[in-house]
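The structure appears below as C-alpha cells.
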Amino acid sequence: MGLRIYNSLSRELEEFTPLKDGHVSIYSCGPTVYDYIHIGNARTALVTDIIRRYFEYRGYNVKLVQNITDVDDKIIARANANGISPSQLAHANSQAYFDDTQRLGIQPADVHPRATEHIPEMIELIQTLIQKDAAYVVDGSVYYRVNAFKEYGKLSRRKPEDLLAGARVEVDERKEDPRDFDLWKAAKPGEPYWKSPWGNGRPGWHIECSSMAMKHLGETIDIHIGGEDLLFPHHENEIAQSELATGCTFARYWVHIAFLKIDGSRMGKSEKNFIFLRDALDKHPAEVIRHFLISAHYRHPLDYASDSLHTSESAIKRLTNCLQALKKIAETADSTQNQKSSDEDKCLMAAIQTMQTRFAEAMDTDFNTAQAMGTIFSLITQVNKSLMDPTEVSIKTLKKAYNVIRETSQILGIYSMDEKNVEDTFTYLKPLLELLLEIRQDARNKKDWDTSDRIRDRLKQINIEIQDSHDGSTWKLL
RNA sequence: GGUGGCGUAGCCAAGUGGUAAGGCCAGAGUCUGCAAAACUCUCAUUCGUCGGUUCGAUUCCGACCGCCACCUCCA
C-alpha cells in the first residue's frame, strides 16, 4: 500500500503519484509578515515540515517552496502605526519568522520567494489574463472576471448564488460581478507602489502565489498546502488565475490544515487570543511544542488548553528516558558478546517490526501523526519491560529498538538529543552536580572518605573534575 | 441564508461493519534508610440522543441536540 493523501479537491483519500517519478513539488502558503507568528500558524508550518520529512524518509526528492507575503494592507497599516516603512516591518518580521520556525526545528524551505521580488512575473501573468479576456481594468486596478472560468468554485464547491446570498459579500460598484477579485490594486496616496501598464499600484493577494508557485515549481505542482481558511477564497482564486492562464492543472493535491483552537474557538490574530510561538518556545522545549501540535491529525481541530504543553512535556520525558537508557546500552555494550535467542528477545524483535510497519501505515494514511506517535509509545512500553531484565534480551535487539525509535521520532521531530548543544547539556548537568557535591560534602563532614572519594573518582571518569578548597568544592568539565 | 466539519474514559486524542491505539492525570506496586525520580500494573461492556439497515454498528443511513469553522484579512 502506497502513500495516500486526502485531497480537498476531490474530498477523498487518494493514492499519491508524483508528476515526476521520485520527485515531489510542494508549495506552502507562508506568512504575511506583519507580526510574529503564533502557535496556530506554527501548526501549518510544522505539518508542512513533517510532510516534507516523511517524503524524504520515503526516498523522494522534495522541492518545497514557501512564500513570504511582504506587502499587503495589514503590513502597511502596522508599519504606519509603528512609524516605520512597510518594507522595514516586513523585513524584520520575516527574519523573526525564520528564527521562530527554526527554533521549532522546522527546516527552511528550498525557496522562500517574496511577493515584492516577483512583481514583473505577476504583471506578466495579469497581462496574460487580460489577453484571455479573463481580467479587466478599472481606474488603474485590475479585476479577475470570475465568469470567465467555468470551473470556478470547484475547490470550495460554492455556487455563485450561494455567494451572493451571503450577507458578507461587500458590493464594489466597479466590479462586473461581486465575486470578481483584485489582481492589481491601484495605489492610494502614501502606499508603497510599483509601476505597471495600468498605473502605479501593488499586486492583489492571490496573484502572488500563482506567479511564484509557477515560477519556482512549474505550471503544475504536486501538492499545495495551506490553512483551511485559505481554501476560499484564496486557493479557489489561485486555481482560477493559474488554470485559466496556462490551461494546465495548477495543483494536483490540495492539503488543508485545520485550526488550532483555544478555549473552544479559533486561535486568530483578529480574535486576539493567540500565543506567540516565540513565547511558547521560551517556556517549553521545541520537541514538547511539536508533540502537542501533532497530537491530533492535521485535518482535525486541536484545542489548546493551559496544561496541553505540560501533558506533552510528560510524554516527551517518557520518550527521552527510554531513548537515553537504550543509548547508554547501545553505546557501551559490545553487541558481539551477548547473543540471546530467548523468547523475550524474539518478542521484542517482533514488537519492533510490528511498530515499523504500523508507523509507516499511519504516516502513509494521510500523515496520521497521532497514530504514528501511538506506535512509538507502544514500542516504548515493550522496550521498558525488556529493560527491567536486560539479561534476557540481546544487545543487538536493543540497538535495533534504539535506532528505530530514534529514526521515527526524528521524522516527527520529537527527539533531538543528538543535536543538543553543549550549553543545553550544561544546564541539565549543573543542578545535578550541585546535588552531588552537597551529598559529598555531607559525607566529608562525617569523615566518610569512601563515599567522598568514590564520587570524585567516578566523576573523573566522565571528565568532570572536583576540586576541594577551604571554602567548599567546585567542579569543571575537562 | 449557503457550505464544510466535529461530538470516543477525569482531560487530550487515534481508530474500526465483529466488539475500543496512544499520551496525561489518578490508584496500586517495584526500587529507595526516607523522599524524589524511574519503571510496572490497573483505569471506557462503551464511542452526543433517538430511530433504521445488518447475524452484528461506535463505525453505514435518517432525524434530532450541542459545538466549531468558512462564505471579509487571518495558517
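Bear in mind that the values here come from a model prediction, so they are computed numbers and not experimental data. Order of the sequence lines fixes the chain letters, A, B, ..., with proteins taken first and strands second; residue numbering starts at 1 for each chain. All values below were derived from every heavy atom in this structure, side-chain atoms included, with hydrogens, water molecules and symmetry-related copies excluded.
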If you check the [X] side chain, which of [options] turns out closest?
X: A:Phe377; options: B:G23, B:C39, B:C41; value: B:G23
X: A:Thr381; options: B:C73, B:G23, B:C70; value: B:G23
X: A:Asp229; options: B:C73, B:C70, B:A14; value: B:C70
X: A:Phe259; options: B:A69, B:A13, B:G23; value: B:A69
X: A:Ala315; options: B:A13, B:C68, B:G23; value: B:G23
X: A:Phe232; options: B:A13, B:A38, B:C71; value: B:C71
X: A:Arg11; options: B:G4, B:G23, B:C39; value: B:G4

Assess whether side chain to side chain contact (heavy atoms under 4.5 Å, CB included) is satisfied between A:Tyr36 and A:Asn93, documenting all intermediate values.
CA-CA 6 Å; A:Tyr36 301 137; A:Asn93 282 327; 4.0 Å; yes

Which base sits across from [N] as a Watson-Crick or G-U pair, both distances under 3.5 Å?
N: B:G33; answer: none
N: B:U40; answer: B:A28
N: B:C70; answer: B:G2
N: B:C50; answer: B:G62

Between B:U3 and B:C60, how far apart are the two C1' atoms, rounded to whole Å?
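To the nearest whole Å, 23 Å.
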
Under 4.0 Å between any heavy atoms, over every strand shown, what does A:Asn368 touch: base, sugar-phosphate, or nothing? Just pick one.
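Here A:Asn368 touches the backbone only, sparing every base.
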
Taking 4.0 Å as the cut-off, does a side-chain nitrogen or oxygen of A:Arg157 come that near to OP1 or OP2 on B:G4?
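No, no such contact exists.
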
Is a donor-acceptor pair below 3.5 Å formed from side chain A:Arg158 to base B:C70, judging by atom type as modelled?
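Answer is yes: a donor-acceptor pair is held.
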
Report yes or no: is the cationic atom of A:Arg158 (NZ for Lys, CZ for Arg) closer than 6.0 Å to the six-membered ring centre of A:Phe232, at no more than 45° off its axis?
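Positive - A:Arg158 is close enough to the ring of A:Phe232 and near enough to its axis.
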
Quick check with a 6.0 Å cut-off and a 45 degree axis cone: is A:Arg78 positioned over the face of A:Tyr34's six-membered ring?
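Judged by the rule (NZ or CZ under 6.0 Å from the ring centre, within 45° of its axis), A:Arg78 is not positioned above A:Tyr34.
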
I want to check something: taking the side chain as every heavy atom from C-beta on, are A:Ser409 and A:Leu319 in contact at a cut-off of under 4.5 Å?
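Yes, close enough: below the 4.5 Å cut-off.
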
